[in-house]
Amino acid sequence: MQRIVKPKTQRAKRALEKREAKIVENTKTCTFIRGGNTSETVTRALKELYTLKKTNGIMMQRKNMMRPFEDRSQLEHFAKKNDSSHFLFGSHSKKRPHNLVFGRMFDYQVLDMMELGIDKFTSMYEIKNAKCTSGTKPCLVFSGESFESEPEYKRLKNLLIDFFRGPVVPNIRLAGLEHVISVTAISGKVLLRSYRVLLKKSGSKTPRVELEEIGPSMDLVLRRSHLASLDLYKQAMKKPKQLKPKKKKNIKHDVFGTKLGRIHMESQDFDKLQTRKMKALKRQKPADDKKENNKEVESKKSRTDDDAARDGKSMT
């Protein structure tokens, strides 16, 4: 079982405390390794997959006698030496012909590996079509129910996305999207295809998109797998605190991605509400109201006095 090795001495603890993790990791590099015995199919497959990752790949020229599922020390040594996070090992034997092992590292330790056998291979040089520019960031398309239901295929999908994704970019222009890698899981096989995107006239602003196969083309069979332990996988997936988005109160998103907010308002004083300035809506001050009331009382008194005087005259 694979596990996280904790330091046992004070010296090792101090060394771990001094080592700082990267907040933003660099673009992952892949090391391509040939085994002690390889076939022509495996050699061509390694070279053409290296061509797809040429800007972020290192091809080992010498053959290396190793068995990744039995001894991982040499793989970890190459990862530390070349500062690579992925590896692709190719070998050929009677028991496992035309064999490819995709794997990735965490802290220079093997995280997980997937062994795939090449059932059918078509070189990119056999397909007479124009190729994409080297180093182009591909668009990855996965299809098949196995990638959503079976645990091994789920991890294989995650591994291939991590393997082919290239550098992380904030924006992509439409004309720069010219390479598509399609991975299909069907009837126990994994079909890997590579296409070039053609943007043709459609009579509108949006062009008509067509795909042209450029190779390499491979039919793969999943043979063995080595999955990381749960604690090591959680440690590898852990994000630093600086990159975690800060939670905003009273803000949420619905199913369609619409941003919704909740507003808390204080009780509103309508006396201070600004209205349109009109004489009819003008409010009088309390002092003015008292004066007017006094005037009305005085006018009523004067009227009563006048009425009384008139009544006296009439009596006389």
Side-chain angles (χ1 to χ4, degrees), residues 27-35 37-61 63 68 84 86-93 96-104 113-144 146-147 153 156-167 176-198 209-224:
T27 305
K28 295 182 179 180
T29 307
C30 179
T31 305
F32 293 81
I33 307 168
R34 289 190 299 166
N37 186 21
T38 57
S39 62
E40 184 181 356
T41 302
V42 171
T43 304
R44 288 163 64 190
L46 286 173
K47 287 182 179 180
E48 295 186 16
L49 289 173
Y50 168 70
T51 303
L52 298 181
K53 286 185 64 70
K54 200 164 190 178
T55 54
N56 301 310
I58 300 170
M59 175 65 81
M60 306 291 289
Q61 300 299 328
K63 293 184 177 182
S84 60
H86 295 94
F87 68 88
L88 179 58
F89 177 78
S91 62
H92 176 72
S93 65
R96 294 183 178 87
H98 313 305
N99 205 40
L100 293 177
V101 179
F102 290 83
R104 54 183 169 182
M113 294 184 291
M114 291 285 181
E115 186 180 72
L116 300 169
I118 302 175
D119 191 40
K120 184 180 178 181
F121 176 78
T122 304
S123 172
M124 63 170 60
Y125 302 106
E126 297 177 11
I127 302 172
K128 305 299 181 181
N129 290 325
K131 312 302 179 186
C132 296
T133 309
S134 179
T136 303
K137 185 176 176 67
C139 174
L140 301 175
V141 180
F142 289 84
S143 55
S146 300
F147 287 129
Y153 281 88
L156 177 62
K157 176 183 176 180
N158 187 275
L159 175 59
L160 292 178
I161 289 174
D162 205 14
F163 186 86
F164 286 112
R165 70 173 184 169
L177 188 61
E178 57 177 345
H179 187 202
V180 175
I181 295 176
S182 173
V183 185
T184 306
I186 184 172
S187 62
K189 291 187 178 181
V190 179
L191 310 181
L192 180 67
R193 303 289 185 268
S194 181
Y195 300 96
R196 186 168 71 97
V197 178
L198 303 177
V209 180
E210 291 186 2
L211 298 179
E212 183 180 62
E213 190 172 1
I214 59 174
S217 173
M218 285 183 271
D219 293 356
L220 305 172
V221 180
L222 183 60
R223 290 176 176 166
R224 287 188 294 176

Check: M113 and P68 side chains under 4.5 Å, non-hydrogen atoms: yes
CD1 (I186) with more than 12 external heavy atoms under 6.0 Å: no
Heavy-atom side-chain contact between L140 and V183 under 4.5 Å: no
Over 12 non-hydrogen atoms of neighbours within 6.0 angstrom of NZ in K120: no
Ring pair (Phe, Tyr, Trp, His ring centres under 6.0 Å) against Y153, all qualifying residues, sequence neighbours excluded: none
Side-chain heavy-atom pair E48, S123 within 4.5 angstrom cut-off: yes
Crowding at NZ, K189 (>12 non-hydrogen neighbours, <6.0 Å): no
Heavy-atom check, side chain of I181 versus side chain of V141, under 4.5 Å: no
Between R196 and N129, a side-chain donor and acceptor under 3.5 Å: no
Check: T41 and H92 side chains under 4.5 Å, non-hydrogen atoms: no
V42 and N99, any side-chain heavy atoms less than 4.5 Å apart: no
Stepwise salt bridge (Lys or Arg N to Asp or Glu O under 4.0 Å) check, D219 with R193: CA-CA 9 Å; D219 293 356; R193 303 289 185 268; 2.9 Å; yes
Selection residues 122-143 - residue pairs positive for salt bridge (charged side-chain N to carboxylate O under 4.0 Å, His left out), sequence neighbours left out: R44-E126
Test ring pair (Phe, Tyr, Trp, His ring centres under 6.0 Å) applied to F142 - qualifying residues, sequence neighbours left out: F147
Full working for salt bridge (Lys or Arg N to Asp or Glu O under 4.0 Å) between E115 and R224: CA-CA 5 Å; E115 186 180 72; R224 287 188 294 176; 2.9 Å; yes
Partner residues of S187 under the side-chain contact (heavy atoms from CB on, under 4.5 Å) criterion, sequence neighbours left out: none
Rounded distance (nearest 0.5 Å) linking atom CD1 of I33 with atom OG of S84: 7.5 Å
Pairwise distance NE2(H179) to CD1(I214) - rounded to 0.5 angstrom: 4.5 Å
Side-chain (K53) to main-chain (F163) donor-acceptor, under 3.5 angstrom: yes
Sequence-distant partners of Y50, ring pair (Phe, Tyr, Trp, His ring centres under 6.0 Å), two or more places apart: F32
Those residues that, when tested against F164, pass ring pair (Phe, Tyr, Trp, His ring centres under 6.0 Å) (two or more places apart): none
Side chains of L160 and L192 in contact at under 4.5 Å (non-hydrogen atoms): no
4.5 Å side-chain heavy-atom contact, I118 and L220: yes
Reported CD-to-SG distance for the pair E212 and C132, which is rounded to 0.5 angstrom: 9.5 Å
